[in-house]
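Computation of the quantities below employed the complete heavy-atom set of this structure, encompassing side-chain atoms and omitting hydrogens, waters and symmetry-equivalent molecules. Order of the sequence lines fixes the chain letters, A, B, ..., with proteins taken first and strands second; residue numbering starts at 1 for each chain.
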Protein chains: 2
Amino acid sequence: MITEGKFSKGTPCKECPLRPLPLFRSFEAEEIAFVSRFKIGELVFDSNAMILAEGEESEHLFTVLSGWGFRYKMLDDGRRQIMNYVMPGDIVGLQGTLMGEMQHSIESLSPVVLCVFQRSKLAELYRCHPELAYDLTWIAAREERMLDENLLSIGRRSALERAAYLIAFLYQRAASLELFRSGWSVIPITQQHVADTLGLSLVHTNKTLKKLAARGLLRWAEKGCDVHDIDGLLAVAGWDGLCEPKRPLI
Amino acid sequence: MITEGKFSKGTPCKECPLRPLPLFRSFEAEEIAFVSRFKIGELVFDSNAMILAEGEESEHLFTVLSGWGFRYKMLDDGRRQIMNYVMPGDIVGLQGTLMGEMQHSIESLSPVVLCVFQRSKLAELYRCHPELAYDLTWIAAREERMLDENLLSIGRRSALERAAYLIAFLYQRAASLELFRSGWSVIPITQQHVADTLGLSLVHTNKTLKKLAARGLLRWAEKGCDVHDIDGLLAVAGWDGLCEPKRPLI
DNA sequence: CGTCCAATTGACGAGACTCAAGCCAGGTGG
DNA sequence: CCACCTGGCTTGAGTCTCGTCAATTGGACG
């Protein structure tokens, strides 16, 4: 379960596989040059590894280069709530970097590669690269927006709507990152993850997902959820779908 | 219900009544001078006024100078979820400023005064005042942290725990702003607000609050919730309480 | 004195939880 | 190669939390 990440030098930012995606805004050569100096290497994790733990003081700031993970908190008695999922391009450890101690944990759902940034250079980023500083705030505001949607879902949607919303949400985020190019559109989570995201029990989550499957909207596959009918899911959730403008990337 | 705010010139930032509070970090004269130029006036709202509406393009950025409000989203059929509450020192409209359209609405719970900032000067803030830019990111991260706690609560705590958590949370935030100096510690919300925050029905919320009242932890007063035993509430919620370091203020 | 809003209360049903088994695939060790 | 184990999915039964409906109270206000 808990694995230390392996450190390596990694790819230079100039050749970053994410930047060319249409999802991300374009970058000045100067910005990329700074980010290159900001980045001190990469960390590689297996599936089901603890990437960051609540209470930890994260020395660094990270960007997800590849893979899936999830961000969660736990109560003392073991109840777990998943707050959000992390995917390529997402920033990880910002809270810890800004405010000291991490208030949540992050685990991987698949092999994950993180870009590691030097915390001490953060001040330089704010001083010398206001556009990137702005981007950091923007990314924090984006996370807030996702949390708002999630909260709306858990607080006010029925179990069926919630489940449909979650799967549609994850599908759309992954699709916009072109993670499904291989033909398969499988989201690498277990039903326990779904339950802990939706605030439901595992048993009831299972029965709810069955209903969505019975309508032909999805199928539970070997290693996750296979989406069959994204429009159907959106309709059940009563959700317009993700509408993301071009995103920055640190 | 819906009221247009009234605009006025307002107090100069040098004499801001919030800054001297021990809760906020100290500021350089230069920073205050910039913020003074950044601020273009004040907006005053009555109780129960719509401060910002979902879908609106907010022309400006705001800081709450005084009063209480709440931030919420609605589903098409009228179900409402309150995401968080806004209190003095909180920034309002950042999402709208950064990303265009507002994705949530804000209403006042009491008379509210907002400081109005010129959106067009935001770039200058990032260019010339990296510490303030950093503060903006910090504040966004703080909001995220509150949302995380809230999500944990709604997803995984029982109705009684949730209610205790919410009241304790609001009480502590208000106390740290010294809003209760007058002797009264009344949180100006209705049970409908509590219900819409906790994701419960009004009836069940009422019964839950009665249980807390029966234990002597609070009392429902004329115009809100009167906290009697904050430690008792924290204990029921299984929560350590707010632990906030010195905060920035824009 | 009526009206309105918020709080309250009781009755009843639906949705969600817990408990308890069973199933199936993949991995491991003999 | 097979027996065993484990993790994740499935299912049924019984219980309880929580939602809905409906009616009432009580204070504030005109």
Any residue of residues 209-230 of chain A with a heavy atom less than 4.0 Å from an atom of DNA chain D: A:Lys210, A:Trp220
Tell me: [atom1] of [X] to [atom2] of [N], nearest whole Å?
{"X": "B:Leu200", "N": "C:dA14", "atom1": "CG", "atom2": "P", "answer": "20 Å"}
{"X": "A:Leu202", "N": "D:dG7", "atom1": "CG", "atom2": "C1'", "answer": "11 Å"}
{"X": "B:Arg157", "N": "D:dC18", "atom1": "CZ", "atom2": "P", "answer": "14 Å"}
{"X": "B:Gln192", "N": "D:dG19", "atom1": "CD", "atom2": "C1'", "answer": "13 Å"}
{"X": "A:Lys207", "N": "C:dA14", "atom1": "NZ", "atom2": "P", "answer": "17 Å"}
{"X": "B:His204", "N": "C:dA11", "atom1": "NE2", "atom2": "C1'", "answer": "15 Å"}

Residue pair B:Phe62, B:Leu52: steps toward the side-chain contact (heavy atoms from CB on, under 4.5 Å) verdict: CA-CA 10 Å; B:Phe62 309 93; B:Leu52 286 170; 4.1 Å; yes
Sugar-phosphate, base or nothing in reach of A:Ser201, heavy atoms under 4.0 Å: base
Under-4.0 Å salt bridge between A:Arg71 and B:Asp148: yes
Short N-O contact, A:Glu244 and A:Arg142, less than 4.0 angstrom: yes
B:Glu59 side, atom CD; B:Thr97 side, atom OG1 - distance, nearest 0.5 Å: 9.0 Å
Distance-only side-chain donor-acceptor flag, B:Glu144 / A:Gln95, under 3.5 Å: yes
Donor-acceptor side-chain pairing of A:Thr11 and A:Glu42 below 3.5 angstrom: yes
Side chain to side chain, B:Leu209 and B:Gln191, heavy atoms closer than 4.5 Å: yes
Heavy-atom side-chain contact between A:Asp90 and A:Arg247 under 4.5 Å: yes
OP1 or OP2 of D:dT10 under 4.0 Å from side-chain N/O of A:Gln191: yes
A:Asn206 side chain near D:dT10 phosphate (N/O to OP1/OP2, under 4.0 Å): yes
Closest non-hydrogen atom pair, B:Ala163 against B:Thr208: CB-CG2, 3.9 Å
DNA chain C contacts among residues 158-171 of chain A, heavy-atom distance under 4.0 Å: A:Ala159
CG (B:Asp240) with more than 12 external heavy atoms under 6.0 Å: no
5′-ward residue of the pair B:Arg156/B:Ile189 relative to DNA chain C: B:Ile189
Proximal nucleotide (of C:dA20, D:dG8, D:dC21) relative to the B:Val203 side chain: D:dC21
Inter-end axis angle, the helix from C:dC1-D:dG30 to C:dG30-D:dC1, with every axis fitted to five base pairs (rounded, 10 degrees): 30°
Aromatic plane relationship, A:Tyr85 with A:Phe70 - under 30° parallel, 30 to 60° tilted, over 60° perpendicular: tilted
